[in-house]
Amino acid sequence: MDGQSHDHRHGGTPKTAIIGGGVIGLSIGWRLAQAGCDVDIFERGEAGKGASWAAAGMLAAGVETEPGELGLHALNFASQKAWPAFAAELEKASGHQVDLRSEGTLMVALNRDDAAQLRYTYDFQKAHGIDLDWLTGAQARQREPFLHPNLAGAVFCAGDHQVENRKLVPALRAAFLAAGGKLHEHTAVAAVTTAHGKITGLTIGDRQVAADVVVLAAGAWSGEIAGLPPSARPPIRPIKGQMLALRMNLAEPLLRHVVWTPRVYMVPRHDGRLIVGATTEERGFDTNLTAGGIYSLLEGAWRSLPGVEELPIDEMWVGFRPGSRDDAPIIGSGEIDGLIYATGHHRNGILLTPVTADAVSRYIRTGEMDEVARPFAIDRFAATSKKAAREKA
Ligand code: FAD
Ligand code: GLY
């Protein structure tokens, strides 16, 4: 199969079933329903209570650019650019606010070692065209007066913003329903069904549901859906993240920008919550909050923003990022005709929502994959495995 150019229409708009009602499934569903397609989302719990609920909502295409992930750069930036229009359209369609904020993001260094590391990151990101300004500690404190007085330096990224992901989820849900989509909550998909290498539908309990196209958008659980040969199962694993929220005094909030420190990031919300995240752990689906995890978050926050010591703790939680083998998303089709992957968004699924929704919904309707999303087909893993086997032989 060509992977990124295929026609699923078979003479009309296909009947589409989406597995998973997180931001990825809901946003694809919304786009399809808007275009008049027959679309059902099957969500085993309540829509949007997976990673989409657990996230910090940063739209961090700039500061999360790292060496080794440059293939993702164009996709991340395309989605970041799409966010303002996407948010405005969604707010209008749903009647819900999503609190897209545009203060920009600060990265801070607490000592000379941090400053050297930050300078390296700054040079690397700047060389890749990211709009960044180097600030002295004093300049950073002009923007955020409660940061530690001994900051060794900082970087301001004007283009990296945030959205309140816990408002995004109900907004997408409402827009999807208003556009005519059908949402089936508390409905777990056990398996996809195929015949002669082609999708025929889903198994839900003892029921068969017919579909021309199935979108696999089950987040960190995407590798667990039965009915696929091993080669068609997406290589997805859960990457555990522990997070917490402190409650700031709204009259005098400790922070107004998103701030990245060497150990944690902090995300202030309009309602006074200060999100502090996040651990990155290979622990399977372990839902435990741990003393070590929470300690490292609080200590990391306190080192750069000492005033957090006085703040009440509002909430602590665990979420599972859907991580693929190369930490990039899996978007588009593979060897099973009619099965479309929209998973593996790892640390940037909120950021990548608009670009994924547009690319996948257009692909289902037209058979053409947007150029920016073409490198993310699942067949890149088959190519790697074959190359490794050839090199071994
Ligand atoms: P999910 O939101 O997990 O949705 C998948 C859904 O599929 C779930 O609701 C689940 O119940 C359902 N499902 C699973 N199996 C089945 C089944 N068999 N049948 C039916 N339904 C099923 N991204 C950013 O862009 N910015 C951030 O700041 C950010 N911070 C993060 C912080 C943390 C701690 C974590 C954990 C993630 C963060 N992310 C962030 C990543 C982002 O949250 C994810 O990439 C994104 O939410 C993935 O969306 P999704 O819809 O694919 O997955
Ligand atoms: N993007 C932030 C996180 O995944 O923790």
Side-chain angles (χ1 to χ4, degrees), residues 22-23 48-64 80 83 87 96-108 143-144 146-148 154 157 160-171 219 239-281 287 289-290 292-321 345-353:
V23 289
K49 291 290 167 68
S52 304
W53 192 257
M58 295 177 293
L59 308 178
V63 306
E64 289 218 51
Q80 190 181 65
W83 251 104
H96 290 248
Q97 300 297 303
V98 299
D99 290 1
L100 179 66
R101 294 177 54 164
S102 55
E103 293 88 351
T105 293
L106 280 166
M107 292 182 276
V108 300
R143 291 173 191 261
E144 289 291 1
F146 297 103
L147 285 171
H148 198 286
C157 179
D160 278 9
H161 303 306
Q162 60 148 312
V163 66
E164 169 51 291
N165 45 291
R166 291 191 181 180
K167 292 189 174 182
L168 175 63
V169 161
I239 316 284
K240 176 180 173 183
Q242 302 185 48
M243 296 237 282
L244 60 89
L246 304 172
R247 184 154 292 282
M248 300 185 291
N249 175 1
L250 262 182
E252 198 181 15
L254 275 187
L255 277 190
R256 293 171 199 277
H257 300 77
V258 174
V259 172
W260 286 69
T261 81
R263 297 185 194 178
V264 298
Y265 53 73
M266 295 180 282
V267 184
R269 300 287 203 222
H270 281 322
D271 66 0
R273 278 156 62 96
L274 180 63
I275 311 297
V276 181
T279 64
T280 304
E281 303 170 62
T287 54
L289 287 160
T290 63
I294 295 303
Y295 172 77
S296 71
L297 296 178
L298 287 171
E299 205 247 349
W302 173 76
R303 277 177 177 270
S304 54
L305 193 68
V308 296
E309 191 162 318
E310 303 294 334
L311 301 184
I313 294 179
D314 201 66
E315 189 188 345
M316 297 184 277
W317 64 93
V318 168
F320 300 106
R321 305 172 183 90
H345 291 77
H346 194 221
R347 303 180 68 87
N348 285 310
I350 308 296
L351 168 67
L352 289 170
T353 294

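Quick caveat, the model's predicted, so the values are computed rather than measured.
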Nearest atoms (heavy-atom pairs only) where Val98 meets Ala87: CG2-CB, 3.9 Å
Contact summary for Val169 and Gly48, nearest pair of heavy atoms: CG1-CA, 3.5 Å
Please evaluate residues Leu59 and Leu100 with respect to the criterion side-chain contact (heavy atoms from CB on, under 4.5 Å), reporting the C-alpha separation (whole Å), side-chain torsions for both, the decisive distance (0.1 Å), and the verdict. CA-CA 10 Å; Leu59 308 178; Leu100 179 66; 3.5 Å; yes
When rounded to the nearest 0.5 angstrom, what is the spacing between CG in Leu274 and CD1 in Ile313? 11.5 Å
Keeping Gln162 on the side-chain end and Ala56 on the backbone end, is there a donor-acceptor pair under 3.5 Å? no
Keeping the roles fixed (side chain from Trp83, backbone from Leu351), state whether a donor-acceptor pair exists under 3.5 Å. yes
Nearest heavy-atom contact between Gly104 and His161 is N-ND1, 3.4 Å
Considering non-hydrogen atoms only, spot the tightest contact between Met266 and Ser304 and give its length. CE-OG, 3.6 Å
As an exercise, state the distance from NE2 of His270 to NZ of Lys167, rounded to the nearest 0.5 Å. 7.5 Å
Output yes when a side-chain donor or acceptor of Thr105 lies under 3.5 Å from a complementary backbone atom of Asp160, and no otherwise. yes
Closest approach of Ala55 to Ile350 (non-hydrogen atoms, all atoms of both residues): CB-CG1, 3.8 Å
Check whether any side-chain heavy atom of His346 lies under 4.5 Å from a side-chain heavy atom of Arg321, and answer yes or no. yes
If the condition is salt bridge (charged side-chain N to carboxylate O under 4.0 Å, His left out), which residues does Arg269 pass it with, not counting sequence neighbours? Glu164
If you take all heavy atoms of Cys157 and Gly62, which pair is closest and at what distance? SG-CA, 4.3 Å
side-chain contact (heavy atoms from CB on, under 4.5 Å) partner of Gln242, the single match among Val276, Thr280, Thr287, Val318: Val318
Name every donor-acceptor pair, under 3.5 Å, that has one atom in a side chain of residues 251-260 and the other anywhere in the protein, sequence neighbours excluded.
unit_1: His257; atom_1: ND1; unit_2: Glu144; atom_2: OE2; d: 2.7

Is the backbone N or O of Glu299 less than 3.5 Å from a side-chain atom of Arg263, with the two atoms forming a donor-acceptor pair by type? no
Any side-chain heavy atom of Leu147 within less than 4.5 Å of one from Leu305? yes
Give, for atom CD of Glu281 and atom CZ of Phe320, the distance between the pair rounded to the nearest 0.5 Å. 9.5 Å
Sequence neighbours excluded, the answer for salt bridge (charged side-chain N to carboxylate O under 4.0 Å, His left out) partners of Asp314 is Arg247, Arg273
Is Trp317 atom CH2 crowded by more than 12 heavy atoms from other residues, nucleotides or ligands, each under 6.0 Å away? yes
For the atom pair CG (Asp271) and CG (Leu250), what is the distance rounded to the nearest 0.5 Å? 7.0 Å
CG (Leu244) and CD1 (Ile294) are apart, to the nearest 0.5 Å, by 5.0 Å
Before you tell me yes or no, could you show the steps for Thr261 and Arg303 under side-chain contact (heavy atoms from CB on, under 4.5 Å), namely the whole-Å CA-CA distance, both residues' side-chain angles and the distance that decides it to 0.1 Å? CA-CA 9 Å; Thr261 81; Arg303 277 177 177 270; over 6 Å; no
One should read off an interatomic distance between Met248 CE and Leu311 CG, to the nearest 0.5 angstrom, of 8.0 Å
